[in-house]
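Lettering of chains follows the sequences in order, A, B, ..., and the numbering in each one begins at 1. Here the structure is a predicted model, which is why all the values come from computation and not from measurement.
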2 protein chains.
Amino acid sequence: MGRTLRSPGHLALMATLKQARPDAGQTRTELAERLKRPQSFIAKYENGERRIDVVELIEIVAAAGTDPQRHRPDRPRC
Amino acid sequence: MGRTLRSPGHLALMATLKQARPDAGQTRTELAERLKRPQSFIAKYENGERRIDVVELIEIVAAAGTDPQRHRPDRPRC
DNA sequence: TGGGGAATATCCCATTTTGGGCTATTCCGT
DNA sequence: ACGGAATAGCCCAAAATGGGATATTCCCCA
């Protein structure tokens, strides 16, 4: 197994992302569509089978945080 | 070539890291030692030949930002 | 209570990327 | 120019990824 996959840091990140998506009211398929990726891509990183590079994290966060139908608290100002 | 390697986002990140290390007064070998990685690891990401996952970025930033010999401005408070 | 559609999980494996020791090349001070 | 430090590149076995397809789990409702 690779060097960071399955490390504590990765497990934490994976857990965060795994919770953030449903919190934002999205299914894997929906998020996958926004990211123009297959559903299995989401499944992989949410299940800790794949690393996420920095650029991808930014894209994922952006795609997961944009559901206009849903209440979200104001973005913390720091 | 992979999906994000060589993308604008990656080029930008690579440029940032490539500059940050000497700014912090470190050579590749020194940084590599702190990270317990070979010098070629640093060379690869600084030259855009390898992605950096999120956990690695955190480690790199931490390792590159700790040179106590060197003046650095106060960390911005937001 | 079981039928069925939605959501999530897993398979498979060709293709791509990586790890890292070692060598080569470039830089620079004297 | 010489010499050492720093950076760059080579090589290829081993590891990770991509993504379509399939299987499994959930859960609502008649």
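Atom CG of B/L5 and atom P of C/dT16 are 13 Å apart (whole Å). Here C/dA6 presents its C1' atom at 16 Å from CD of A/Q26, a figure rounded to the nearest Å. Rounded to whole Å, the distance from CD on B/E33 to P on C/dG20 is 15 Å. B/D53 has its CG atom 10 Å from the P atom of C/dT18, to the nearest Å. Rounded to an integer number of Å, the gap from CG of A/L31 to P of C/dT8 is 10 Å. B/N47 places its CG atom 13 Å from the C1' atom of C/dT25, with the value rounded to the nearest Å. One can place CG of A/L35 at 13 Å from P of D/dG18, the figure rounded to the nearest angstrom.
The side chain of B/R51 sits closest to C/dT18 out of D/dT17, C/dT18, D/dG19. For B/R37, the side-chain atoms get nearest to C/dG20 when compared with the rest of D/dG18, C/dA7, C/dG20.
DNA chain D lies under 4.0 Å from at least one heavy atom of each of the following residues of residues 39-46 of chain A: A/S40, A/K44.
Where B/E49 and B/E30 each meet DNA chain D at their nearest nucleotide, the meeting point lying more 5' is that of B/E30.
Separation of atoms OH (B/Y45) and CG (B/L57) is listed at 9.0 Å; rounding is to 0.5 Å. Rounding to the nearest 0.5 Å places CZ of A/R50 at 10.0 Å from CG of B/D53. Once rounded to the nearest 0.5 Å, the distance linking CD1 of A/I52 with CZ of B/R51 reads 13.0 Å. The structure places CD of A/E33 at 10.5 Å from CD1 of A/I42, a figure rounded to the nearest 0.5 Å.
Close to C/dT17, at under 4.0 Å from its OP1 or OP2, lies no side-chain N or O of B/R50. Using a 4.0 Å cut-off, some side-chain N or O of B/R21 falls inside it from OP1 or OP2 of D/dT7.
Residues B/V55 and A/S7 come closest through the heavy atom pair CG1-OG, 4.3 Å.
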Apply the test side chain to side chain contact (heavy atoms under 4.5 Å, CB included) to residues A/R37 and A/K44: give CA-CA distance (whole Å), side-chain angles for both, the deciding distance (0.1 Å), then the verdict.
CA-CA 12 Å; A/R37 298 270 199 153; A/K44 276 189 178 174; over 6 Å; no
For residues 13-21 of chain B, which side-chain N or O atoms pair as donor and acceptor with protein atoms under 3.5 Å away, sequence neighbours left out?
unit_1, atom_1, unit_2, atom_2, d
B/T16, OG1, B/A12, O, 3.0
B/K18, NZ, B/N47, OD1, 3.1
B/R21, NE, B/E46, OE2, 2.8
B/R21, NH1, B/Q26, O, 2.8
B/R21, NH2, B/E46, OE1, 3.0

